[in-house]
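Only a predicted model underlies this, so the values are computations on that prediction, with no experimental measurement involved. Order of the sequence lines sets the chain letters (A, B, ...), proteins ahead of strands, with each chain counted from 1.
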Amino acid sequence: MLSETKVSEHAENLHGIMAEFDDPESLLAAAQQARLEGYRDMDAYAPMPVEGLAEAIGFRGSWVQRLVFLGGLCGAAGGFMLCWWITVIAYPHNVAGRPLNSWPAYVPITFELMVLIACITAVVGMLMLNGLPQPYHPVFNVERFARASRDKFFLCIEASDPKFEPVATRQFLERLNPQEVMDVAL
Amino acid sequence: MKSDEPLYWRSLEELASTDDFRAFVEDEFPNRTPDWNDPESRRGFLRVMGASILLVGASACTRQPKEVIVPYVRQPEELIPGNPLFYATAMSVAGIATGVLAESHLGRPTKIEGNPEHPASLGATDAAMQASVLTLYDPDRSQTVTRNGSISGWGSFITALVGARDVAGLKKGLGFRILTGTVTSPTLATQIQNFLAEFPAAKWHQYDPCGRHSVRSGAMAAFGKPLNTIYRFDRADVIVSLDADFLSSTVPGSLRYARDYSTRRRAAAENPNVAPPRLYIAENAPSVTGSMADHHFRMTAAGVAGFTADLARGGTGAASPEARGVLKDLEAHRGSSIVIAGEHQAPQVHAFVHAINQALGNVGKTVIYTDPVEANPLDEISSIVDLVKDMRDGAVETLLILGGNPVYDAPADLSFLDALKRVKLRVHSGLYSNETAAWCHWHVPEAHYLESWSDGRAYDGTASIVQPLIMPLYGGKTAHEVMNILANRADQSAHDTVRGYWQANHKGDDFDDFWQISLHDGVIAGTSFPEKLPPAAKAIDPAAIASLGATAPAGLEIVFRPDPCVGDGTLSNNAWLQEMPKPQNKMTWDNAVWISSKSAEHYGVTTGDVVEIELKGRKVAGPVWIMPGQADESLTIHFGYGRTRAGKVADGIGFDAYTLRPTDALWQGTGVSIRRKSDGYKFANTQHTQTMEERDPFRAATYAEFHKDPEFARPEEKRVAKDLSLFPLWEYKQHKWGMSIDLNSCTGCNACTIACQSENNIPVVGKEEVAKGRHMNWLRVDRYFKGPLEDPEMYFQPVPCMHCEDALCELVCPVAATVHSAEGLNEMVYNRCVGTRYCSNNCPYKVRRFNFFLYADWNTESLFGVRNPDVSVRSRGVMEKCSYCIQRINSAKIDAEKQDRPVKDGDIVTACQQACPAQAIVFGDLNNPNSRVAKLKRQQRDYGLLEELNTRPRTTYLARLRNPNPDLEKG
Amino acid sequence: MSALVTGLRSMAQIFHRSSNSLAKISIVAVLMLLGGTVWAAYKINAGSFITDVEVAREQPVPFSHKHHVGDDGIDCRYCHTSVETSSFAGLPPTETCMGCHSQIWANAEVLEPVRASFRTGKSLEWTRIHDLPDFVYFNHSIHVNKGIGCSTCHGRVDQMPLTYKVNTLYMQWCIECHRNPAQYVRPRDQVFSMTYQYPENQSELGARLVKEYKIQSLTDCVTCHR
Amino acid sequence: MKPEDQEFTSVATLDPGPDKVIGPGHDYGSVTDEIGGVVFRPFLKTPRQMFIGFAFAFLLVNLLMIAVTWLFVRGVGVWGINMPVAWGFAIVNFVWWIGIGHAGTLISAILLLLKQDWRTSINRFSEAMTLFAVACAGMFPILHLGRPWLAYWLLPYPNTMWMWPQPRSPLIWDVFAVSTYATVSLLFWFTGLIPDFATMRDKAGNSTARKIFGMLAMGWRNSAKHWARYQKAYLLLAGLSTPLVVSVHSVVSFDFAVAILPGWHTTIFPPYFVAGAIYSGFAMVLTLAIPVRRWYHLEDLITMRHIECMSKVMLGTGLIVAYGYAMEAFMAWYSGGQFERYAFVNRMWAGGYWWTYWVLILCNILIPQALWSRRVRMSVRAVFAIALVVNVGMWLERFVIVVTSLTRDFVPSSWGMYYPTIWDWSTYLGTIGVFLALMFLFVRVLPAISIFEMREVVHHTAKEPTHALGD
């Protein structure tokens with residue numbers, strides 16, 4: 001382990017300062033503390049979703065559901081229009097004596113396409129909003145951060161925060177009695 | 001007709017033989033999607049696969065392969081490429097000719113139609129005639145002159161034959177014999193007679209295995225001289241058939257008889273003032289005629305003789321109640337009744353029948369006598385017997401066999417082959433190098449009738465000229481040309497010979513016109529024989545009655561009959577006929593031992609058992625088929641199977657009934673024993689369910705019931721409200737095609753099935769595939785039994801596509817490969833079909849057929865010739881079905897359009913309709929209230945199959961009406 | 001010490017900084033590639049490699065419609081005799097060629113195959129230019145009779161030294177006219193004219209002719225497929 | 001210290017019994033290591049059964065290759081189908097496989113919405129099963145075509161024929177339903193895997209593995225914001241998949257219900273097919289989960305509770321199916337429709353396949369009733385056996401519906417029988433091989449249990465240690 005004091009001097013090439021916790025509860029508490037302290041640019045990392053954590057670090061609702069709704073609409077409309085266009089415009093045939101626009105028969109396709117497009121937007125939208133794929137990220141510089149995907153919980157206050165100040169921030173974090181506090185190099 | 005213009009033929013011949021022609025023929029033929037069998041199209045397969053993966057084939061048709069197009073060098077002027085030509089000619093079966101019109105595409109005969117001008121056809125055909133065009137292209141036909149089995153030439157053959165003649169000539173022709181089938185051809189007869197005149201010691205024998213032996217000797221017995229009998233069923237109120245299957249093609253004139261009889265039935269059904277005819281039949285095995293009968297007396301073939309005797313005893317004397325009832329009816333219809341004896345009944349029976357008809361005053365009214373149509377009527381049995389005797393005695397040095405196959409079909413007790421081996425020079429001329437050819441020093445290929453100049457007489461004596469449509473494909477020659485060799489006129493063509501004969505016998509100087517007209521019409525005017533008043537038939541004395549009535553020795557009886565499909569065996573190698581379901585049991589590719597259920601139980605055998613039948617020491621083994629309606633203690637077996645040198649199609653299938661057939665029991669014999677050998681023989685039938693299973697696809701009623709309830713065919717619960725649909729109905733503004741099938745006329749003869757096969761390039765699939773349930777016939781004839789298993793009524797129902805207006809098949813096709821046309825046709829687009837087979841599942845009539853493999857034969861080039869260029873040849877993996885002969889509809893419409901006139905009723909005739917001898921099928925425009933089909937559909941008997949499903953079928957049926965004798969009505 | 005930091009850095013990071021943009025770019029690239037493939041497929045299918053449009057084929061005799069039709073002004077029907085009466089327009093038998101060429105160009109080298117064919121009676125083998133799939137049934141006579149001109153489908157053959165296709169003969173090409181014949185019909189007497197130009201008022205002229213010739217718009221499958 | 005060189009935290013892999021979804025003593029790390037351990041186990045340490053199983057499956061895959069080659073060379077005639085029975089094994093298998101797929105979606109989607117925590121340790125696994133089952137199912141509609149090389153005509157794409165698919169046909173509905181289902185299942189499965197890919201990335205020993213998992217994880221870093229959006233998307237997926245899974249088998253049932261064929265033309269088909277699908281699906285999950293849990297000693301993660309819950313679902317859906325059979329038969333009798341009535345007479349005794357009907361009643365209705373008894377539900381062996389029986393029964397059900405109905409429809413003259421050929425069987429067994437092979441590979445190379453969701457379970461159980469779930 002490298003000793004904190006030294007690294008803190010290179011504030012300019014810091015992404016932020018990170019504190020490690022043992023359990024979700026303390027992380028949640030820490031995050032709320034930080035916010036009270038007035039920190040804004042921060043992120044919390046946990047091996048599984050933790051209720052209230054996102055809100056605690058000031059994350060306001062997500063757009064995913066709106067996208068999905070739009071996707072669903074397009075899918076449904078597209079599905080029905082496709083069937084209608086094929087049977088009425090593209091090549092009108094007398095099929096089994098049914099009218100050209102046998103709309104009841106188009107329901108299944110309409111529905112399936114709605115679901116298909118909605119689901120695709122859900123996943124693609126989620127990834128895009130999360131800015132993924134993003135294989136490189138400064139937090140990975142921290143070696144212990146590997147355990148964020150196993151059993152440890154991290155709070156990272158980012159250098160971009162106007163209130164960020166290497167020494168002060170570090171001392172603030174240490175006050176939250178974490179396992180450890182470390183710098184996140186850029 | 002310039003068809004005798006030599007250049008024409010030469011260029012055609014060349015075309016026929018060159019690769020160009022083949023290429024051309026191929027190009028006439030539609031899309032072959034890849035067949036993995038041959039490398040060329042294997043590449044095609046991969047190409048298409050690649051295409052589908054790359055989506056390059058976004059248009060389904062990838063790059064067209066290079067195709068060449070080959071024009072004539074000198075184009076015959078009457079020929080318009082792309083339009084078919086029709087030539088009138090005639091086809092002879094067992095010597096009796098029937099007029100046909102042969103359709104020719106660019107010199108390729110592709111289809112046979114009946115000749116409306118010809119009295120024996122009136123435009124109708126039977127299955128054999130339809131199939132004859134396939135025989136023309138049969139690659140198994142003999143293709144070369146052979147000497148002791150090795151290839152030789154016509155030159156050396158002529159030398160050999162002339163040599164033999166000259167040797168015989170030294171002794172006035174002694175030891176020179178000619179064997180032919182029954183000959184009606186005036187030309188050929190004259191040629192032979194001239195030969196005999198030159199060589200008086202030579203002899204001419206005639207033998208046809210299924211000829212009219214009994215009929216001939218019957219007439220001799222009754223009148224002391226041979227007379228030909230013609231029946232006028234259109235005039236008959238009461239018909240008593242004594243084992244006479246006059247509606248099936250085994251009887252000369254059957255097409256005409258079927259037409260007359262059905263016309264009468266139809267008239268009666270449509271017009272209450274016309275008395276419906278009543279048909280009684282006594283027979284041992286169910287026949288198509290039996291299926292039309294109002295009363296079916298089931299008795300052994302021997303019993304039929306007894307029954308005849310019973311009838312002869314007269315009103316009071318008759319023993320059986322049936323006979324009494326029949327006699328009463330006959331008495332009531334003197335002069336308007338027919339008693340007809342079966343071709344295969346004993347001569348005495350015929351003699352009796354002649355007497356009975358005379359007694360009933362039918363002669364000259366419903367029963368007409370004329371001179372015999374045979375050029376040289378003689379007792380063919382004694383003729384062959386003599387020949388064999390002489391051969392055995394070594395009295396025969398040269399035997400010239402013109403057609404025929406005696407080694408296979410001569411009576412077994414003669415052991416023809418042994419005798420034949422004693423003949424020094426044996427010459428055979430025939431379509432096939434058959435069993436007989438195998439034992440002849442010389443075999444020469446015979447020309448098919450579509451390649452021949454000849455002539456022949458119909459059942460009523462009408463003479464027709466047989467003219468060729470194509471040069472002999474395999475260099476065959478006609479009997480005329482062979483006879484010319486003997487007359488030292490080897491270079492004279494059959495054309496000149498035939499023309500010569502008629503010129504010689506033509507009075508007046510307008511011969512050329514006469515000749516042209518005769519060729520064009522297909523009949524020679526004024527050649528039908530005039531009616532003859534016969535001498536009083538030999539009186540029937542009680543002794544004769546007693547002897548005839550004496551019931552045959554008890555015990556099992558065996559009955560020999562020509563096969564319903566392949567006849568006496570001459571047609572065995574025709575795959576269409578082999579795969580044509582036999583009317584009575586829907587069996588294909590086989591013959592079987594028919595037995596009644598009761599007898600089967602008695603002898604401990606059942607369907608599928610292989611039994612050994614023994615008659616007078618001769619044995620044959622064949623599989624058993626339990627046939628409802630078969631008489632007890634009576635076996636029926638059919639000829640035409642068990643061939644050894646017929647060709648790839650027929651060799652080794654079925655068993656040979658001839659090996660059991662003695663001269664003294666030509667058609668039936670008693671004292672036969674059967675022994676069960678093994679079981680589990682697999683038949684290939686196209687229909688497995690025998691009955692209607694409490695359903696009523698086929699609807700019938702007696703006249704009494706019909707008058708009581710005229711709507712019997714469409715009871716309330718079967719009808720659907722016209723507008724019973726969630727959706728508005730489609731309107732069909734221009735045409736509205738529909739079809740009506742009269743079950744009251746249909747005899748189940750299968751002519752329509754084969755006509756359809758020929759018209760629509762329907763492939764043959766073979767026994768295994770049929771057994772799997774994959775037969776391809778677009779138009780199937782369903783057979784149902786009704787009533788007790790022993791003696792049921794037998795019904796036939798032709799089932800083509802119904803062209804439903806609310807077609808269930810269309811609804812479920814994912815690629816719109818089957819949709820409706822503006823004229824209400826249920827279109828099937830082969831090239832769009834991907835083969836989900838969903839349409840077939842959803843078709844309540846199961847009329848769709850699927851190409852599970854590549855059934856179309858793309859390996860046998862000679863068979864390309866038979867295909868109809870106006871119909872796609874379907875490839876592997878696509879669905880197909882009846883199209884109402886769309887190619888005919890389109891061409892008729894185009895012709896009408898070009899002449900700027902509407903399509904007239906009758907312009908469009910479907911193949912099945914055209915072939916049907918009973919005129920049971922009528923096609924036309926339902927929007928035209930005066931069209932025949934529209935009128936028929938307005939009849940009360942009209943009903944739709946499964947119409948309660950609201951499929952709105954365009955094909956509907958007219959219910960069957962029966963006219964039983966109240967006195968004899970069962971129950 | 002910063003070296004130490006960098007050392008650490010490189011140890012935990014699996015991917016280099018650039019990989020972020022790389023990842024996003026590659027996604028876009030793949031999508032574009034897919035699109036491109038499909039586009040290319042359609043292009044190829046419309047191109048003459050598949051359709052043979054404007055591709056002249058090797059023939060036994062370099063027959064020039066330009067010369068015979070354009071210069072000599074021979075009528076189409078002189079050689080394609082059955083075009084008005086049959087589904088098949090007809091290809092002239094060697095006889096027809098020899099009709100003239102026994103007199104003119106009687107010894108021309110290029111015509112030797114023709115003379116040979118006439119001598120031997122062995123047909124000339126022309127390579128098909130307008131070759132419909134075998135499951136398509138086209139009838140020349142009805143089109144000609146209803147006022148569809150030769151050049152409408154076959155182009156200005158009078159300007160073709162060697163004959164080639166000017167249309168794809170794809171189904172969509174047929175349907176395009178079958179749905180609205182009015183845009184292509186011309187007066188019957190103009191059918192065999194090579195130089196015929198559609199007038200500006202084709203729309204109303206067409207409509208009139210359609211009525212006059214009782215032309216139907218047939219788009220049923222069985223019109224061409226059976 | 002690096003994660004990978006810690007000892008696997010040794011937690012006793014004991015089955016905690018029927019009221020716990022997870023064994024005692026587990027913490028975040030231990031579940032991570034136990035599940036991840038399966039993947040990072042050295043190749044040769046793979047359980048022997050896995051090798052044997054995979055080898056067997058691979059043989060079947062080769063059998064399929066042969067069968068399909070022959071099919072393409074000769075045509076669909078190599079199968080026993082004919083007229084009237086134009087659909088045979090191909091469609092039977094298609095419906096069977098699709099049905100099996102449904103359990104996966106049900107578990108991961110519907111149970112998620114219902115907040116059933118016992119879904120957690122089996123959802124990943126059954127989603128994979130769904131994916132592979134759908135893959136197998138998807139093969140058949142193409143294989144059974146007369147001209148498979150034209151299968152793309154079923155898709156709407158602009159072409160030079162100006163021809164399009166015919167959207168009134170249930171088969172086109174199938175195309176859309178099945179392809180949608182396949183896509184959505186894949187998305188669902190992959191989305192679920194992203195955080196675990198990240199875990200794998202961080203656990204991976206060698207750099208290649210780290211790179212591969214790294215790419216798959218797409219840089220997932222467990223940020224709270226990511227989690228927020230992630231959960232939203234996942235919930236929406238679940239919400240959409242739920243009606244989807246119902247629609248898919250309804251559409252499949254339309255293939256029959258829309259047709260007029262007696263025995264097919266039944267309005268009850270959609271619900272009864274869906275129930276049947278879930279029924280067979282759970283049977284298949286059990287058939288697979290029970291051995292795997294044994295071989296990899298996952299008894300503490302896939303506990304008796306899971307097995308019992310699944311048994312209960314089987315029992316329930318089984319009863320719905322039984323109701324379906326009863327209703328079908330009753331309506332046939334009650335409607336009085338001659339053909340409909342005969343179809344069932346034929347199905348039950350008159351026809352050539354009457355025995356298949358009674359075997360399916362035995363397999364799908366009678367035997368599973370044993371699950372009423374807790375003792376049976378508690379016995380892994382018994383449950384496994386019943387699951388197998390149900391698999392067979394559900395296949396037979398489809399056989400009876402497809403084939404028996406076709407053999408005898410309206411016009412007696414065209415009645416016939418269907419006899420499967422060796423190629424029918426090879427194709428069927430072949431797809432089972434494909435399915436198993438994929439399953440074995442999946443279990444070996446990917447976390448077969450959702451790790452992050454197990455951590456949540458640990459979190460919850462930690463919160464209320466004595467909380468008995470679900471009861």
Engaged part of [X] at the chain D interface, taking heavy atoms whose separation is under 4.5 Å:
{"X": "B:T686", "result": "backbone"}
{"X": "B:L946", "result": "side chain"}
{"X": "B:Q690", "result": "neither"}
{"X": "B:T836", "result": "both"}
{"X": "B:R783", "result": "neither"}

For [X], I'd like to know if atom [atom1] has over 12 heavy atoms of other residues, nucleotides or ligands within 6.0 Å.
{"X": "D:W162", "atom1": "CH2", "value": "yes"}
{"X": "B:K786", "atom1": "NZ", "value": "no"}
{"X": "B:F727", "atom1": "CZ", "value": "yes"}
{"X": "B:E694", "atom1": "CD", "value": "no"}

Does [Y] offer a backbone N or O that forms a donor-acceptor pair with the side chain of [X] under 3.5 Å?
{"X": "B:R837", "Y": "D:V85", "answer": "no"}
{"X": "D:W153", "Y": "B:P814", "answer": "no"}
{"X": "D:N82", "Y": "B:R774", "answer": "no"}
{"X": "B:Q687", "Y": "D:S414", "answer": "no"}

At a 4.5 Å cut-off on heavy atoms, which part of [X] comes close to chain B: side chain, backbone, both, or neither?
{"X": "D:D255", "value": "both"}
{"X": "D:W164", "value": "backbone"}
{"X": "D:I81", "value": "both"}
{"X": "D:V175", "value": "neither"}

Are the side chains of [Y] and [X] in contact, using a 4.5 Å heavy-atom criterion?
{"X": "D:V76", "Y": "B:F853", "result": "no"}
{"X": "D:D409", "Y": "B:K846", "result": "yes"}
{"X": "D:Q166", "Y": "B:E810", "result": "no"}
{"X": "D:P412", "Y": "B:Y784", "result": "yes"}
{"X": "B:R695", "Y": "D:Q338", "result": "yes"}
{"X": "D:M83", "Y": "B:F850", "result": "yes"}

**Request:** Given side-chain contact (heavy atoms from CB on, under 4.5 Å), test B:D782 with D:V411 step by step and report yes or no.
**Result:** CA-CA 10 Å; B:D782 288 346; D:V411 185; 4.0 Å; yes

**Request:** Decide yes or no on side-chain contact (heavy atoms from CB on, under 4.5 Å) for B:L945 and D:F410, but give the supporting numbers first.
**Result:** CA-CA 10 Å; B:L945 192 54; D:F410 295 93; over 6 Å; no

**Message:** Which heavy atom of B:R876 sits nearest to which heavy atom of D:F72, and what is that distance?
**Reply:** NH2-O, 2.7 Å

**Asked** Which heavy-atom pair separates B:Y838 from D:F256 by the least distance, and what is that distance?
**Response** OH-N, 4.2 Å

**Message:** For B:E693 and D:W415: C-alpha separation, side-chain torsions, deciding distance, then whether side-chain contact (heavy atoms from CB on, under 4.5 Å) applies.
**Reply:** CA-CA 11 Å; B:E693 300 279 320; D:W415 291 357; 3.7 Å; yes

**Message:** For the residue pair D:R74 and B:F852, would you count it as a cation-pi contact if the rule is NZ or CZ under 6.0 angstrom from the ring centre and within 45 degrees of the ring axis?
**Reply:** no

**Fill in**
Most contact-rich option vs chain D, by heavy-atom pairs under 4.5 angstrom, among B:T951, B:V834, B:L808, B:N851, is B:V834

**Complete:** Most heavy-atom pairs under 4.5 Å with chain B, out of D:P170, D:P165, D:A90, belong to D:P170

**Complete:** Distance col, row B:R832:CZ vs D:R147:CZ, nearest 0.5 angstrom, shows 10.0 Å

**Asked** Rounded to the nearest 0.5 Å, what separation is found between the CG atom of B:N842 and the CD1 atom of D:I260?
**Response** 7.0 Å

**Request:** Check the pair B:N841, D:W264 against side-chain contact (heavy atoms from CB on, under 4.5 Å), reporting the backbone distance first and the verdict last.
**Result:** CA-CA 10 Å; B:N841 290 346; D:W264 284 14; 3.8 Å; yes

